[in-house]
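Taking it in order: structure first as structure tokens, then the write-up.
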Amino acid sequence: MTRGKFITLEGGEGAGKSTQVRLLKEALQRQGLEVVITREPGGSIGAEEIRNLLVTGEPGRWDGMTEALLNFAARRDHFAKTIWPALDEGKWVISDRYADSTIAYQGYGHGLDMTALYQLWDIAIDGFRPDLTFVLDLPVEVGLERALGRGDGEDRYEKMATQFHHDLRAGFLKIAAKETDRCCVIDATRSIEDIQADMQTALCRRFEITLS
Ligand code: TMP
């Protein structure tokens with residue numbers, strides 16, 4: 001059995017990742033592929049409990065390193081219980097966020113040491129990388145307006161200073177520039193359909209498949 005592909009979507013607040021995850025899943029399913037969609041922090045029972053600690057409460061509730069450790073603890077559980085078993089069964093997995101979010105938010109955003117964060121990635125999940133990562137890029141102001149409009153109570157990160165969001169947008173672009181084989185930057189200011197079309201084109205090129 002061939003291992004499935006692991007695809008991640010990354011980006012700042014309000015980039016429209018969850019809609020794009022759903023559309024991509026439907027496109028892959030139309031090709032007869034089995035697809036699991038998931039998210040971080042979260043994606044397993046234990047990791048969803050940790051998510052609740054991370055996304056609610058005051059912005060200063062956790063410092064950067066505590067956030068990084070909580071995220072990698074959640075990710076380890078998510079990887080062991082959800083991601084790896086599905087890939088191993090030949091299913092494709094699409095995750096709304098993964099370890100690049102820790103590099104961007106806790107590293108570029110909160111200024112944590114990058115070497116330490118990449119070491120944590122190695123320690124927690126043996127540095128496991130996605131096969132393809134989409135970075136949905138859009139101006140901070142546009143993203144924050146959309147995210148705050150959601151009113152879902154998960155607003156701890158949206159409440160952080162605007163400079164933090166500028167730093168993490170720049171961070172995601174640096175990550176993509178460093179790992180060009182894996183990462184694909186998508187202009188997320190456009191329509192849902194145009195964004196999805198670009199993602200599917202990039203995916204077909206990367207995996208040498210066709211999607212209808
Ligand atoms: P979401 O709003 O995309 O569901 O993500 C929840 C928040 O958690 C979002 O503000 C980004 C943040 N986050 C981190 O700070 N570090 C991480 O490693 C992950 C996965 C998310």
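All ligand and atom numbering here is 1-based and tracks the order in the structure. As the structure is a computational prediction, the values presented were derived from the model and not from experiment.
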Report, one line per pair, each donor and acceptor closer than 3.5 Å where one atom sits in a side chain of residues 27-35; sequence neighbours left out.
from: Gln31; atom 1: OE1; to: Ser212; atom 2: N; distance (Å): 3.2
from: Gln31; atom 1: OE1; to: Ser212; atom 2: OG; distance (Å): 3.2
from: Gln31; atom 1: NE2; to: Thr210; atom 2: O; distance (Å): 3.2

May I have the list of side-chain donor-acceptor pairs in residues 109-124 shorter than 3.5 Å, sequence neighbours left out?
from: His110; atom 1: NE2; to: Glu67; atom 2: OE1; distance (Å): 3.2
from: Asp113; atom 1: OD2; to: Ala116; atom 2: N; distance (Å): 3.0
from: Trp121; atom 1: NE1; to: Phe128; atom 2: O; distance (Å): 3.1

Please report, to 0.1 Å, the donor-acceptor pairs under 3.5 Å made by any side chain of residues 6-22, with sequence neighbours excluded.
from: Thr8; atom 1: OG1; to: Thr133; atom 2: OG1; distance (Å): 2.8
from: Glu10; atom 1: OE1; to: Ser101; atom 2: OG; distance (Å): 2.5
from: Glu10; atom 1: OE2; to: Tyr98; atom 2: N; distance (Å): 2.9
from: Glu13; atom 1: OE2; to: Tyr105; atom 2: OH; distance (Å): 2.5
from: Lys17; atom 1: NZ; to: Asp96; atom 2: OD1; distance (Å): 2.6
from: Gln20; atom 1: OE1; to: Gln196; atom 2: NE2; distance (Å): 2.6
from: Gln20; atom 1: NE2; to: Ile192; atom 2: O; distance (Å): 3.2

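Under a 3.5 Å cut-off, the side chain of Arg61 and the backbone N or O of Leu53 do form a donor-acceptor pair.
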**Report entry** salt bridge (Lys or Arg N to Asp or Glu O under 4.0 Å) assessment of Arg51 paired with Glu154
**Finding:** CA-CA 10 Å; Arg51 177 190 178 90; Glu154 291 192 343; 2.7 Å; yes
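A cation-pi arrangement is not found for Arg76 relative to Phe79, the charged atom failing to lie both closer than 6.0 Å to the ring centre and inside a 45° cone about the ring normal.
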Output, or 'none' if empty, a list of ligand 1-protein atom pairs in which both atoms are N or O and the distance is under 3.5 Å, rounded to 0.1 Å.
from: ligand 1; atom 1: 3 (O); to: Lys17; atom 2: NZ; distance (Å): 3.2
from: ligand 1; atom 1: 3 (O); to: Arg97; atom 2: NE; distance (Å): 2.6
from: ligand 1; atom 1: 3 (O); to: Arg97; atom 2: NH2; distance (Å): 3.4
from: ligand 1; atom 1: 4 (O); to: Arg51; atom 2: NH1; distance (Å): 3.4
from: ligand 1; atom 1: 4 (O); to: Arg51; atom 2: NH2; distance (Å): 2.8
from: ligand 1; atom 1: 5 (O); to: Arg97; atom 2: NE; distance (Å): 3.2
from: ligand 1; atom 1: 10 (O); to: Glu13; atom 2: OE2; distance (Å): 2.7
from: ligand 1; atom 1: 15 (O); to: Gln106; atom 2: NE2; distance (Å): 2.9
from: ligand 1; atom 1: 15 (O); to: Tyr157; atom 2: OH; distance (Å): 3.1
from: ligand 1; atom 1: 16 (N); to: Asn71; atom 2: ND2; distance (Å): 3.3
from: ligand 1; atom 1: 16 (N); to: Gln106; atom 2: OE1; distance (Å): 2.9
from: ligand 1; atom 1: 18 (O); to: Asn71; atom 2: OD1; distance (Å): 3.3
from: ligand 1; atom 1: 18 (O); to: Arg75; atom 2: NH2; distance (Å): 3.1
from: ligand 1; atom 1: 18 (O); to: Thr102; atom 2: N; distance (Å): 3.2
from: ligand 1; atom 1: 18 (O); to: Thr102; atom 2: OG1; distance (Å): 2.5

